[in-house]
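Presented below is the structure to which this report refers.
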Amino acid sequence: MKRIGLLGCGAIGTQIALAIDTGKIPGVLTHIYDNSKYAATELASKLNNKPLIVENSHLLSSNPIDIIVEAASQDAVKDVALSVLQNKRDLMIMSVGALLDESIYDVLSDACNHFKKTIYLPSGAIAGLDGLKSVKDELESVSITTTKHPRSLKGAKFFETSDINLDAIDSSTIIFEGTAKEAVSMFPANINVAALLSLCGIGSEKTIVKIIADPNTDKNTHHIEAKGKFGKMTFTIENFPDPNNPKTSRLAILSAIETLRKYCSDDIQIGT
Ligand SMILES: NC(=O)C1=CN([C@@H]2O[C@H](COP(=O)(O)OP(=O)(O)OC[C@H]3O[C@@H](n4cnc5c(N)ncnc54)[C@H](O)[C@@H]3O)[C@@H](O)[C@H]2O)C=CC1
Ligand SMILES: O=C([O-])CC(=O)C(=O)O
């Protein structure tokens with residue numbers, strides 16, 4: 001059985017841990033860590049098979065573990081990703097925006113090669129990456145329009161320097177238009193999906209992002225358009241937000257669980 005370490009015990013981390021505990025993911029959760037001791041203790045209390053709570057994030061990969069699952073933040077990725085690979089563990093990353101920093105991406109990619117380890121990036125809150133990967137060399141444009149309720153956008157760095165008052169928005173309003181690179185740095189907990197699109201497609205400077213705050217929606221909607229010599233693809237994903245964290249869509253959690261289930265299983269693999 002694969003041994004799993006979990007970094008981040010919030011909305012995604014909790015559901016992954018429960019999926020392991022109930023046998024949906026055929027692995028064993030041996031160690032967990034969260035900056036919030038409360039979050040880690042609270043999670044452990046929900047599990048029948050109790051993992052050890054370690055004292056800092058680096059202690060996850062110094063234990064005999066097969067894979068570290070990150071479901072914490074871009075800062076957590078920047079802090080631990082390299083040492084996880086150096087300790088010869090695989091890594092699954094949810095805070096994918098961290099990889100848009102080219103120096104981080106290159107270092108991690110080299111480390112995967114050098115230590116013969118793999119970084120897994122689940123498709124998260126979107127669909128269509130299988131197709132996008134296949135047409136990568138023929139892509140001319142990729143865009144994503146994300147619509148969320150204002151409460152799902154609260155706390156983003158973008159609002160530190162913007163005059164927009166989310167509480168005053170009473171109809172669907174475009175609050176950001178720019179590149180994926182800018183979007184991911186301004187909305188680090190909202191638009192990791194734009195980082196996934198960028199890495200699969202034409203890069204973060206050419207991938208165009210629009211973010212809309214809509215007080216009348218109960219969904220996190222991602223509309224993706226990709227065009228090129230191959231033709232055109234459009235994907236619209238209307239996600240229900242997680243009840244514990246409205247920024248995060250239910251699909252992101254299910255995608256993380258499915259990626260980890262595949263990692264832990266010897267099975268037929270479907271799709272690109
Ligand atoms: N790839 C994708 O499609 C998606 C990615 N995400 C990203 O996944 C990550 C987790 O999402 P959620 O579980 O919904 O967030 P959450 O806010 O519910 O939970 C995150 C947990 O990580 C902990 N944490 C944050 N920084 C940490 C650090 N440096 N070291 C240790 N613990 C740390 C927090 O205390 C919190 O308990 C976030 O970065 C989020 O932006 C979320 C949705 C979709
Ligand atoms: O869960 C979502 O809809 C998307 C999200 O938060 C992200 O990409 O960071």
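Below, all heavy atoms of this structure are taken into account, side chains as well, without hydrogens, waters or symmetry copies. Whatever order the structure lists them in is the order used to number ligands and atoms, beginning at 1.
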Q. Among the heavy atoms of Asp34, does any lie under 4.0 Å from an atom of ligand 1?
A. yes
Q) Without hydrogens or angle criteria, can the side chains of His222 and Thr146 be said to hold a donor-acceptor pair below 3.5 Å? A) yes
Q.
Give me the nearest non-hydrogen protein atom to atom 9 (O) of ligand 2 as residue plus atom name, then the distance to 0.1 Å.
A. Asn192 ND2, 2.9 Å
Q | Evaluation steps, salt bridge (charged side-chain N to carboxylate O under 4.0 Å, His left out), between Lys24 and Glu258 | A | CA-CA 9 Å; Lys24 186 174 166 65; Glu258 176 56 14; 5.9 Å; no
Q. Does some non-hydrogen atom of Ala125 fall short of 4.0 Å from ligand 1?
A. yes
Q | Side chain, backbone, both or neither: the part of Asn192 lying under 4.0 Å from ligand 1 by heavy atom | A | side chain
(Q) So if I apply the side-chain contact (heavy atoms from CB on, under 4.5 Å) rule between Leu153 and each of Ile191, Ile211, Ile212, which one comes out positive? (A) Ile211
Q: Compute whether any side-chain donor of one residue and acceptor of the other, for Asp90 and Tyr120, lie under 3.5 angstrom apart.
A: no
Q) Does Ser123 reach ligand 1 with a nitrogen or oxygen that is under 3.5 Å from one of the ligand's nitrogen or oxygen atoms? A) no
Q. Of all the heavy atoms in Ala189, does at least one lie under 4.0 Å from an atom in ligand 2?
A. yes
Q. Should we say atom NZ of Lys88 is surrounded by more than 12 heavy atoms from elsewhere, each under 6.0 Å from it?
A. no
(Q) Glu160: which residues meet the salt bridge (charged side-chain N to carboxylate O under 4.0 Å, His left out) condition with it, sequence neighbours left out? (A) none
Q) Backbone or side chain, does any N or O of Asn190 fall under 3.5 Å from an N or O of ligand 1? A) no
Q) Considering only heavy atoms of Asn220, which atoms of ligand 2 have at least one such atom less than 4.0 Å away? A) 3 (O)
Q. Does Gln269 CD have over 12 foreign heavy atoms under 6.0 Å away?
A. yes
Q. Has ligand 1 got any nitrogen or oxygen that is less than 3.5 angstrom from a nitrogen or oxygen of Val193?
A. no
Q. Closest heavy-atom contact between Leu166 and Pro150?
A. CD1-O, 3.5 Å
Q) Are Ser249 and Asn220 close enough that a side-chain donor and a side-chain acceptor fall under 3.5 Å? A) yes
Q: Please report the C-alpha distance between Asp167 and Lys154 in whole Å, then the side-chain angles of each, then the deciding distance to 0.1 Å, and finally whether the salt bridge (charged side-chain N to carboxylate O under 4.0 Å, His left out) criterion is met.
A: CA-CA 9 Å; Asp167 293 326; Lys154 280 234 158 120; 2.7 Å; yes
Q: Run the numbers for me: atoms of ligand 1, each under 4.0 Å from some heavy atom of Gly124, listed by number.
A: 2 (C), 3 (O)
(Q) I'd like to check which ligand 1 atoms, numbered from 1 as shown, lie under 4.0 Å from a non-hydrogen atom of Ala252. (A) 43 (C), 44 (C)
Q | Numbered atoms and elements of ligand 1 in range of Ala189, under 4.0 angstrom, heavy atoms | A | 41 (O)
Q. Pro188 to ligand 2: N or O pair under 3.5 Å?
A. no
Q | Sub-4.0 Å atoms of ligand 2 with respect to non-hydrogen atoms of Lys148 | A | 2 (C), 3 (O), 4 (C), 5 (C), 6 (O)
**Q.** Atom indices of ligand 1, in the order listed, that fall short of 4.0 Å to a heavy atom of Ala76
**A.** 28 (C), 29 (N)
Q) Can you list the ligand 2 atoms lying under 4.0 Å from a non-hydrogen atom of His222? A) 2 (C), 3 (O), 4 (C)
Q. Among Met94, Lys247, Lys37, which residue places a heavy atom closest to atom 1 (N) of ligand 1?
A. Met94
Q: For the pair Arg3 and Asp66, evaluate salt bridge (charged side-chain N to carboxylate O under 4.0 Å, His left out) and give the outcome as yes or no after the intermediate values.
A: CA-CA 5 Å; Arg3 294 154 303 181; Asp66 295 294; 3.3 Å; yes
**Q.** Residue and atom name of the nearest protein heavy atom (relative to atom 5 (C) of ligand 2), distance in Å to one decimal
**A.** Asn190 O, 3.2 Å
Q | Polar contact flag, side-chain donor to acceptor under 3.5 angstrom, Asp101-Ser103 | A | yes
Q) Between Glu70 and ligand 1, does any nitrogen or oxygen pair lie at a separation below 3.5 Å? A) no
Q) For ligand 1, is any non-hydrogen atom under 4.0 Å from Ser73's backbone (N, CA, C, O), its side chain (CB onward), both, or neither? A) both
(Q) Test salt bridge (charged side-chain N to carboxylate O under 4.0 Å, His left out) on Arg261 and Asp267; report intermediate values, then the result. (A) CA-CA 10 Å; Arg261 191 198 63 75; Asp267 212 345; 3.4 Å; yes
Q. Considering only heavy atoms, which of Gly155, Ala72, Ala256, Pro241 lies nearest to atom 25 (C) of ligand 1?
A. Ala72
Q) Are more than 12 heavy atoms from other residues, nucleotides or ligands located less than 6.0 Å from atom CZ of Phe230? A) yes
Q: Any atoms of ligand 1 less than 4.0 Å from a non-hydrogen atom of Ser95? List them with their elements.
A: 8 (O), 9 (C), 38 (C), 39 (O)
**Q.** Options Ser57, Gly8, Ala71, ranked by nearest heavy atom to atom 20 (C) of ligand 1, top entry
**A.** Ala71
Q: For atom 13 (O) of ligand 1, state which one of Val80, Ile12, Asn244 supplies the nearest heavy atom.
A: Ile12
Q) Name the one of Thr259, Leu254, Leu251 that satisfies side-chain contact (heavy atoms from CB on, under 4.5 Å) with Pro122? A) Thr259
Q: For atom 3 (O) of ligand 2, find the nearest protein heavy atom and state the residue, atom name and distance (0.1 Å precision).
A: Ser249 OG, 2.5 Å
**Q.** Those atoms of ligand 1 less than 4.0 Å from some heavy atom in Leu7
**A.** 31 (C)
Q) With no hydrogens and no angle check, do the side chains of Thr236 and His223 hold a donor and an acceptor under 3.5 Å apart? A) yes
Q.
Any nitrogen or oxygen of Ile191, side chain or backbone, less than 3.5 Å from one on ligand 2?
A. yes
**Q.** Atoms of ligand 1 close to Tyr33 [distance to a heavy atom under 4.0 angstrom, numbered from 1]
**A.** 31 (C)
